[in-house]
Amino acid sequence: MVVVSLCYHLALGSSMATKPFITMAEQPTAPDLYVDRSTFHRGSSSFSSSSGRRDLVFVVNPRGANGKTAKEWKKLVPYLRTRLGEHYNICESLTSGPCHAIDITREAIREGADAVIAVGGDGTFHEVVNGFFWAGKPIVNNDGEARKSTALGIIPLGTGSDFARTFGWNNNPFEAVDRIAKGLRTRIDVGVVNEDNGENHYFANVADIHLSAKAGFYAARYKKFGNLCYVIGALQGFMGHQNRDFKIKVDDGEWELYPQVTALCIGNAKYFGGGMKIVPNADPSNGSLEVVILQDFKWYDFILNLHKIYNGTHLTVKNVTSKSIRSIEVEEVSCSGSIYVQSDGEHLGFLPRKFHILPAAIEMIC
């Protein structure tokens, strides 16, 4: 299997008059977030920096939304060419498997791309965010001159686009292209999950623990049903679910006991699960994470309060607490090793885990 990168040197209003520069790289052999493989390369002729044109790298998951992403992307390309082709080299990189977007992003940043745009759902966006880092540090370009940071962008075309909801963006890809054309940028925070092996995992949206993470794990099996997969995952997650006692340390303070925890959500942004406003006070540019803890919830509590979770008014419900933090450590009292952890819908294993914030870590197209 191979991934193909296409880079066009286009004039406004023209078709593909010039031949695209094409690179091909082998697919990663294992879904390892931390193994660095080059999958994107700048060419010598169609990318010439002397032209003053900047490179936009569009990382496209053609399998997203059961193949719908590829079809919608094909429809979008002519408009994208018209809006951006005058000032940018438009580079298309198709992912060929899990974690491939991470490698494409890393190489694009090293080669000095002006921006890397995630085209797909939250899974593709999550991988692109992780591609901005390597060995616990931000990726920098290979140019010895003064560096201008590579920006992050998003064109929501996948099953879920929860991160975009925090900014009030809908799923209209043409509006996303217009945002890219306007060129407005802001810096956003990034959450970090410390792994047992000493490595870091990054998230821009929401990390969560226990029931919601288990539901997300099951939901991933039903993506072909669209946003209904989250409902199916939740129902399956409830089967055999038991609330557990947690120990929690906030901002390197003292350990506190939280009995009968149902779910714990750590938000850099507000939404997860296909539109649930689970962390309504989160702000991806305020330098902190927002934690929401649900305790002693039964299945019927979720049914009765589901509408409040969707509209973000559940913080007033009994046994729901919220707090702003910069770091948090979470352990299960009984140390069963069975408490699920995920971030941005990606399964990360089980407790214990530590989370912290990287303020203003990435420049984002807004």
Side-chain angles (χ1 to χ4, degrees), residues 3-7 28 31 33 39-40 55-65 67-74 76-77 80 84 88 90-109 111 113-133 138-139 149-167 169-181 184-191 201-206 223 268-269 271-272 284 343-346 361-366:
V3 61
V4 181
S5 298
L6 301 173
C7 302
L33 285 177
T39 55
F40 171 85
D55 305 333
L56 294 180
V57 179
F58 293 84
V59 182
V60 185
N61 175 14
R63 298 175 182 82
K68 182 182 176 182
T69 296
K71 296 176 183 177
E72 294 299 317
W73 170 247
K74 187 176 180 180
L76 182 64
V77 167
L80 185 146
L84 304 175
Y88 295 97
I90 298 170
C91 310
E92 175 193 75
S93 288
L94 305 179
T95 62
S96 56
C99 301
H100 209 173
I102 297 172
D103 301 315
I104 294 170
T105 301
R106 286 175 177 160
E107 193 62 19
I109 295 171
E111 294 294 339
D114 187 64
V116 179
I117 318 296
V119 182
D122 289 320
T124 303
F125 181 72
H126 175 75
E127 288 194 9
V128 169
V129 167
N130 274 269
F132 273 74
F133 303 91
I139 299 284
S149 63
T150 298
L152 167 68
I154 182 171
I155 296 180
L157 285 178
T159 302
S161 299
D162 282 317
F163 182 79
R165 298 176 199 270
T166 292
F167 291 86
W169 301 334
N170 58 34
N171 279 359
N172 187 323
F174 296 93
E175 292 183 8
V177 172
D178 291 339
R179 286 194 295 270
I180 296 168
L184 298 178
R185 302 183 178 190
T186 188
R187 298 203 73 86
I188 64 167
D189 309 327
V190 172
H201 192 100
Y202 303 88
F203 66 97
N205 198 39
V206 177
K223 287 293 182 71
N268 186 49
Y271 296 86
F272 79 164
S343 70
D344 294 352
E346 302 298 316
I362 295 179
E363 186 176 54
M364 183 164 180
I365 297 171
C366 60

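Quick note: numbers below take in every heavy atom, side chains included, and nothing from hydrogens, waters or symmetry partners.
- Under the salt bridge (Lys or Arg N to Asp or Glu O under 4.0 Å) criterion, Glu346 pairs with no residue at all, not counting sequence neighbours.
- The nearest pair of heavy atoms linking Ser93 to Val57 is OG-CG1, 4.2 Å.
- Between the side chain of Arg187 and the backbone N or O of Ala361, at least one donor-acceptor pair lies under 3.5 Å.
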Practice item. Given side chain to side chain contact (heavy atoms under 4.5 Å, CB included), test Ile180 with Ile155 step by step and report yes or no. Key: CA-CA 9 Å; Ile180 296 168; Ile155 296 180; 4.2 Å; yes
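- Take Lys71 and apply the side chain to side chain contact (heavy atoms under 4.5 Å, CB included) test, not counting sequence neighbours, and it matches no residue.
- A donor-acceptor pair is defined here as one N or O able to donate and one able to accept, closer than 3.5 Å; no such pair exists between the side chain of Thr124 and the backbone of Ala118.
- Under the ring-ring contact (aromatic ring centres under 6.0 Å, His included) criterion, Phe58 pairs with Trp73, not counting sequence neighbours.
- Under the 3.5 Å distance criterion, the side-chain polar atoms of Asn130 are left unmatched by any main-chain donor or acceptor of Ile102.
- Residues meeting the side chain to side chain donor-acceptor pair (under 3.5 Å) test with Asn172, sequence neighbours left out: none.
- Side-chain contact between Thr105 and Phe132: present, with at least one pair of heavy atoms (C-beta onward) separated by less than 4.5 Å.
- Residues forming a ring-ring contact (aromatic ring centres under 6.0 Å, His included) with Phe125 (at least two apart in sequence, or on another chain): Phe163.
- Considering OG of Ser96 and CG of Asp103, their distance stands at 9.5 Å, rounded to 0.5 Å.
- Between Tyr88 and Asp114, the shortest heavy-atom distance links the atoms CE2-OD2, 3.8 Å.
- Within the 4.5 Å cutoff, the side chain of Cys366 has heavy atoms near those of the Trp169 side chain.
- For the pair Asn61 (side chain) and Thr69 (backbone), a donor-acceptor distance under 3.5 Å is absent.
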Check your understanding: Is there a side chain to side chain contact (heavy atoms under 4.5 Å, CB included) between Val190 and Asn268 once you walk through the steps?
Key -> CA-CA 7 Å; Val190 172; Asn268 186 49; 5.6 Å; no
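- Here the closest non-hydrogen pair linking Arg63 and Thr95 is NH1-O, 3.4 Å.
- A donor-acceptor pair under 3.5 Å is absent between the side-chain atoms of Asn171 and the main chain of Pro156, judged by distance alone.
- The ring-ring contact (aromatic ring centres under 6.0 Å, His included) check on Phe174 picks up Tyr79, with sequence neighbours excluded.
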Point to revise | Residues Lys68, Leu157; criterion side chain to side chain contact (heavy atoms under 4.5 Å, CB included); working and verdict | key: CA-CA 8 Å; Lys68 182 182 176 182; Leu157 285 178; over 6 Å; no
Review point. Could you walk me through whether Ile154 and Met364 pass the side chain to side chain contact (heavy atoms under 4.5 Å, CB included) check?
Key: CA-CA 9 Å; Ile154 182 171; Met364 183 164 180; 3.9 Å; yes
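- Applying the side chain to side chain donor-acceptor pair (under 3.5 Å) rule to Asp344 yields the partners His126; only residues at least two apart in sequence or on another chain are considered.
- With values rounded to the nearest 0.5 angstrom, Phe272 atom CZ is found 12.5 Å from Ser343 atom OG.
- The side chain to side chain contact (heavy atoms under 4.5 Å, CB included) test applied to Ala115 returns Leu56, Ile117, Ala151, Arg185, Ile365, not counting sequence neighbours.
- Checked against ring-ring contact (aromatic ring centres under 6.0 Å, His included), Phe133 has the following partners two or more places apart in sequence or in another chain: Tyr202.
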